[in-house]
Amino acid sequence: MQLHADFSTPEKRMDFVLYLARKNIEHRSGGPFAAAIFNQDTHQLIAVGVNLVESSLCSNHHAEMVAIALAEQTLQSYTLHGEHLPRCELISSCEPCAMCFGAIPWSGIKHLTYGATSADAQAIGFDEGAKHPDWVSELEKRGISVTPEISRNQAAQLLKDYQHHSGTVYNG
């Protein structure tokens, strides 16, 4: 997969993120999760993140958190929202856990697209934490749109593959 690939559709952007998650599983460099931040208007890739909880020995190094931190560094800003910044879209291989959900509005992300659901992650033993029951509406109240379950079957299969290969469930 090339970094300058065609990212023109949500499905193509998700395919890229799922590729990153697969590589993270294959290299045993972290959990089965990946994320990327794109310019929402041009679909240009800004930053990627993979789950690094195990390799970094840091519980907050979820893929979304890593992608947000790298995007802020790339854009030289402590926020991803500003007059001279692109509108940022977060593509995540899985619905955000409680921590990543909380980080989305703080980061300045304007759109979230995710693949697998929290139920898919919980089915292999991950504890996704407590979120507001209508968490999507809570994001929308803050001007953040959400596109759910893009390529969900493929994303959920990655979680099952991780489990099948005895991947560590570090917070189950």
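In this text the structure is predicted, and so the values were computed from the model without any measurement. Numbers for residues simply follow the sequence, beginning at 1.
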Handout entry: Over 12 non-hydrogen atoms of neighbours within 6.0 angstrom of CD in Gln44
Key = no
Exercise for the section: For the residue pair Leu75 and Pro86, establish whether any side-chain heavy-atom pair is separated by less than 4.5 Å. Expected result: yes
Problem - Closest contact, heavy atoms only, Arg142 versus Pro105 - result: CD-CB, 3.6 Å
Handout entry: Atom NE2 of His164: over 12 foreign heavy atoms under 6.0 Å
Key = no
Handout entry: Identified side-chain hydrogen bond (donor to acceptor under 3.5 Å, both in side chains) partner of Thr117 from the options Arg152, Glu95, Gln122
Key = Arg152
Problem - Side-chain donor/acceptor of Gln76 to backbone N/O of Gln73, under 3.5 Å - result: yes
Practice task
Apply side-chain contact (heavy atoms from CB on, under 4.5 Å) to Val53 and Cys58, showing your working.
Solution key: CA-CA 5 Å; Val53 169; Cys58 184; over 6 Å; no
Practice task
Quick one: pull up CD1 in Ile109 and CD in Gln40 and give me the separation to the nearest 0.5 Å.
Solution key: 9.5 Å
Completion exercise
Minimal heavy-atom distance between Ala156 and Ala116, with the atoms involved, is N-CB, 4.0 Å
Exercise for the section: Please work out whether the ring planes of Tyr114 and Trp135 are parallel, tilted or perpendicular, with thresholds of 30° and 60°. Expected result: tilted
Problem - Heavy-atom donor-acceptor pair, Ser77 side chain to Leu80 backbone, under 3.5 Å - result: no
Exercise for the section: Ignoring hydrogens and angles, tell me if any N or O in the side chain of His27 forms a donor-acceptor pair with the backbone of Ser29 under 3.5 Å. Expected result: no
Exercise for the section: Could you grab the distance from atom CG of Asp161 to atom CD of Glu26, nearest 0.5 Å is fine? Expected result: 10.0 Å
Problem - Met65 with Leu45, same ILVMFWY side-chain cluster at under 4.5 Å - result: no
Practice task
Verify the ring-centre separation between Phe33 and Phe126: is it less than 6.0 angstrom?
Solution key: yes
Completion exercise
Of all heavy-atom pairs linking Leu20 and Ala35, the shortest is CD1-O, 4.2 Å
Exercise for the section: Decide if atom NE2 of His81 counts as having more than 12 heavy atoms of other residues, nucleotides or ligands within a radius under 6.0 Å. Expected result: no
Handout entry: Glu89 with Arg13: basic N within carboxylate O range, under 4.0 Å
Key = yes
Problem - Verdict with reasoning, Leu90 to Thr113, per side-chain contact (heavy atoms from CB on, under 4.5 Å) - result: CA-CA 6 Å; Leu90 172 63; Thr113 298; over 6 Å; no
Problem - Straight-line distance of Ile144 CD1 to Ser107 OG, nearest 0.5 Å - result: 7.0 Å
Problem - Pairwise distance CZ(Arg87) to NE2(His111) - rounded to 0.5 angstrom - result: 9.5 Å
Practice task
Say whether Ile68 and Val17 are linked into one hydrophobic cluster, either directly or through other cluster members, by side-chain heavy-atom distances under 4.5 angstrom.
Solution key: no
Practice task
Verify, without hydrogens or angle tests, whether Lys131 (side chain) and Pro96 (backbone) share a donor-acceptor contact under 3.5 angstrom.
Solution key: yes
Handout entry: Atom of Leu158, atom of Ala21 and distance for their closest heavy-atom approach
Key = CD1-CB, 3.8 Å
Practice task
Give a yes or no on whether Ile150 and Val146 share a hydrophobic cluster (residues Ile, Leu, Val, Met, Phe, Trp, Tyr; joining criterion: side-chain heavy atoms under 4.5 Å apart).
Solution key: no
Problem - Cluster link Leu85 to Tyr78, ILVMFWY, side chain under 4.5 Å - result: no
Practice task
Could you tell me whether Asp120 and Lys160 have a side-chain N and a carboxylate O separated by less than 4.0 Å?
Solution key: no
Exercise for the section: Using the rule that two of Ile, Leu, Val, Met, Phe, Trp, Tyr join whenever any of their side-chain heavy atoms come within less than 4.5 Å, decide whether Val66 and Met14 are in one cluster. Expected result: yes
Fill in the blank from the handout: In this structure, CD1 of Ile46 is separated from OG1 of Thr74 (nearest 0.5 Å) by 8.0 Å
Exercise for the section: Please report the shortest heavy-atom distance between Phe101 and Glu138, naming the atom on each side. Expected result: CZ-CB, 4.3 Å
Practice task
Check the pair Lys110, Cys88 against side-chain contact (heavy atoms from CB on, under 4.5 Å), reporting the backbone distance first and the verdict last.
Solution key: CA-CA 6 Å; Lys110 288 299 177 192; Cys88 290; 5.9 Å; no
Exercise for the section: Over all heavy atoms of both residues, which pair between Ala47 and Ala67 is shortest? Give the atoms and the distance, please. Expected result: CB-O, 3.7 Å
Practice task
Would you please test His61 and Ser56 for side chain to side chain donor-acceptor pair (under 3.5 Å) and show each step?
Solution key: CA-CA 7 Å; His61 282 177; Ser56 68; 2.8 Å; yes
Exercise for the section: Run the numbers on Asn51 and Asn24 for side-chain contact (heavy atoms from CB on, under 4.5 Å), then give the verdict. Expected result: CA-CA 8 Å; Asn51 184 289; Asn24 209 36; 4.1 Å; yes
Completion exercise
Separation between CG (Leu18) and SG (Cys94), nearest 0.5 Å, reads 10.5 Å
